[in-house]
Structure formats: C-alpha cells, structure tokens
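Here is the structure we will look at, set down as structure tokens.
Both ligands and their constituent atoms are indexed starting at 1 by order of listing. Everything quoted here is computed from the prediction, not taken from an experiment.
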Amino acid sequence: MSKEQRVLRYVQQNASRGDPDSVLAAVDKFGWETEWAMNVGDVKGLILDRFVKETAPQTMLELGTYMGYSAIRVVRLLPETAKFLTVEFNPENAAIANEMIAFAGLQNRIIQITSDSADVIPQLKKKYDVDTFDMVFIDHWKDVYVRDIKLLETNNLLRKGTVVVADNIINPGAPEYADYVRTCGKYDSTFHESNFEYSDDIDGLEKSVYRG
Ligand SMILES: O=C(NCCO)c1cc(-c2ccc(F)cc2)cc(O)c1O
Ligand SMILES: [Mg+2]
C-alpha cells in the first residue's frame with residue numbers, strides 16, 4: 001500500500017464523511033504524527049486560507065492536486081457558484097484525490113483533470129469554458145512553475161488583479177520562479193514566510209498579483 005493510500009484509509013476511518021474540516025484535520029494529524037506527506041499543510045494552509053478569503057475567487061485553477069488536500073482546503077471557503085479546476089499529472093495520486101474529495105463531499109465543486117499541465121493550459125478556454133482566472137495556486141513540480149505561469153500569460157488566462165499563489169518557494173525551492181515573478185515587471189509579488197509542511201523547517205508562499 002502506498003503512503004497516499006495509507007493517508008486516504010486514515011481519513012476514511014477517522015474523519016466524518018461530508019465534513020471537509022474533519023478531512024483536513026485527519027490528513028494533518030497523520031502528517032504530523034505518522035507519515036510526512038507533501039500537502040501544503042495546516043501552517044501554510046492558514047496563509048492560503050487568508051488569501052482565498054481576501055480574493056473570494058469565482059474561477060480558480062490549481063496546478064498539482066496531489067491528494068486533494070489543498071483543493072478541499074480552498075473549495076471549503078468558496079460559494080457553490082465558484083468554479084475550481086485542479087490538474088494532476090500522476091494518475092495514482094489523482095485517483096486518491098478523487099476519493100478524498102468525494103469523502104469530503106466536494107466532488108460536485110471540483111473539476112479534476114489528470115494530465116500534463118502543459119497540455120491542459122492551452123485547452124482551458126475552449127474545452128473547459130474558462131475566460132480568465134481570479135486566482136491560481138501553483139504547487140506541482142517546482143521546475144515547471146515558470147513554464148506554466150508563462151503559459152497562463154500567453155494563453156490570456158490571467159487578467160488585471162489575478163492572484164497567483166505558489167507553494168515551496170524555499171523548500172524544496174522554486175528560485176527561478178521567485179526571480180521571474182519578482183523581476184519581470186508583470187506582477188506585484190510578495191513573499192510570505194512560514195514553515196514547511198509538518199515540520200519546523202522554513203518555507204513560504206509567494207503571492208503575485210498580475211498587473212494586466
Ligand atoms: O513535488 C512536490 N509537489 C508536486 C507533486 O505533487 C512537492 C515536493 C515537496 C518536497 C518533497 C521532498 C522533499 F525532501 C522536500 C520537499 C514539498 C511540496 O510541498 C511539494 O508540493
Ligand atoms: Mg507543495
């Protein structure tokens with residue numbers, strides 16, 4: 001059984017079906033007490049919550065579903081009318097996420113796409129009926145953060161004021177991305193220091209507002 005399957009089993013046996021907060025609490029408890037996993041987690045998650053509440057996005061994209069933790073974390077704060085799309089490359093992780101999201105009762109609120117983000121981003125307008133995104137959360141492979149934010153720009157999926165949040169700026173690090181958003185002139189970018197998931201190590205989120 002994979003680690004991700006062990007986390008899902010723990011959630012199914014310890015959280016309440018249809019209760020997103022209990023699902024998040026169970027994943028976090030498992031992450032702290034039993035097995036580390038690369039969810040954004042409860043500490044950085046509180047900063048992400050604040051960004052989501054401040055932005056109140058009607059249309060949002062996540063790159064890097066993993067087990068669905070951040071999708072559940074975000075969508076639990078959004079109205080039923082909001083549109084949330086999440087992209088995962090790894091089909092095993094996408095399958096775990098699908099069950100985790102269903103257990104949380106949010107399967108009708110989240111559109112899961114299992115594919116390479118480089119292939120999906122150019123399809124979002126026509127195939128997924130997207131105009132532009134109000135918010136984007138980037139948490140997939142650190143070495144493709146820059147490729148994908150540039151793809152979002154060139155596919156006209158960002159608009160003046162779109163809030164782009166990126167995980168793991170320090171650990172494992174996304175230095176090329178941080179440099180790009182801070183120096184390209186297209187974003188007002190701020191770094192929010194925090195802790196690495198389920199750890200006392202340092203990490204942080206970058207929040208970059210597109211100037212349009
Ligand atoms: O690759 C990541 N995500 C995309 C796949 O879903 C990722 C990795 C790590 C991490 C792993 C191993 C280590 F030693 C340090 C960091 C942490 C994260 O928060 C992440 O999002
Ligand atoms: Mg991460």
Side-chain angles (χ1 to χ4, degrees), residues 2-8 11 23-24 27-52 60-76 84-101 104 110-121 135-152 163-178 180-181 189-208:
S2 71
K3 170 169 70 178
E4 290 76 24
Q5 286 168 319
R6 288 193 291 272
V7 177
L8 175 62
V11 165
V23 169
L24 299 175
V27 173
D28 289 330
K29 181 175 175 66
F30 196 84
W32 280 110
E33 297 176 3
T34 309
E35 283 191 87
W36 182 91
M38 56 185 168
N39 315 112
V40 72
D42 49 339
V43 177
K44 286 185 288 182
L46 282 173
I47 302 173
L48 180 59
D49 287 355
R50 188 174 79 243
F51 293 158
V52 171
M60 182 163 175
L61 173 69
E62 174 181 68
L63 300 178
T65 316
Y66 186 41
M67 287 193 259
Y69 176 92
S70 46
I72 292 164
R73 187 154 196 123
V74 170
V75 169
R76 91 193 202 282
F84 185 91
L85 288 78
T86 184
V87 183
E88 176 55 49
F89 178 77
N90 179 309
E92 286 76 29
N93 291 342
I96 298 286
N98 191 260
E99 296 209 44
M100 189 89 76
I101 288 165
I110 294 167
I111 299 167
Q112 281 186 257
I113 304 167
T114 307
S115 184
D116 183 336
S117 51
D119 298 332
V120 171
I121 292 169
M135 191 165 191
V136 181
F137 181 49
I138 306 177
D139 190 22
H140 59 341
W141 291 338
K142 313 312 156 194
D143 59 354
V144 300
Y145 278 24
V146 175
R147 180 198 73 187
D148 285 357
I149 197 167
K150 287 180 176 176
L151 274 175
L152 290 168
V163 174
V164 183
V165 181
D167 190 26
N168 307 116
I169 296 301
I170 294 179
N171 186 347
E176 191 195 10
Y177 174 82
Y180 176 70
V181 290
S189 203
T190 50
F191 176 66
H192 299 261
E193 188 175 296
S194 184
N195 288 103
F196 189 56
E197 48 261 39
Y198 316 122
S199 159
D200 297 333
D201 293 349
I202 187 173
D203 192 11
L205 302 175
E206 189 82 8
K207 179 190 176 192
S208 310

(request) Apply side-chain hydrogen bond (donor to acceptor under 3.5 Å, both in side chains) to S70 and E62, showing your working. (result) CA-CA 9 Å; S70 46; E62 174 181 68; 2.4 Å; yes
(request) Under the side-chain hydrogen bond (donor to acceptor under 3.5 Å, both in side chains) rule, what do Y198 and D42 come out as? Steps first, then yes or no, please. (result) CA-CA 8 Å; Y198 316 122; D42 49 339; 5.5 Å; no
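Not one N, O or S atom of Y66 sits under 2.8 Å from the Mg ion (ligand 2).
Counting just the N/O/S atoms of D139, the one with the shortest distance to the Mg ion (ligand 2) is named OD1. D167 has its closest N, O or S atom to the Mg ion (ligand 2) at the position named OD2.
More than 12 non-hydrogen atoms from other residues, nucleotides or ligands lie less than 6.0 angstrom from CH2 of W32.
In this structure, Y145 has its ring center under 6.0 Å from that of H140.
When atom types are taken as modelled, the side chain of N90 and the backbone of E92 share a donor-acceptor pair closer than 3.5 angstrom. Checking side-chain atoms of K142 against main-chain N and O of Y177 turns up no donor-acceptor pair under 3.5 Å.
For a heavy-atom separation below 4.0 Å, the residues in contact with ligand 1 are W36, M38, Y66, D139, H140, W141, K142, D167, N168, N171, P172, F196, E197.
A donor-acceptor pair shorter than 3.5 Å can be found between the side chains of D203 and N168.
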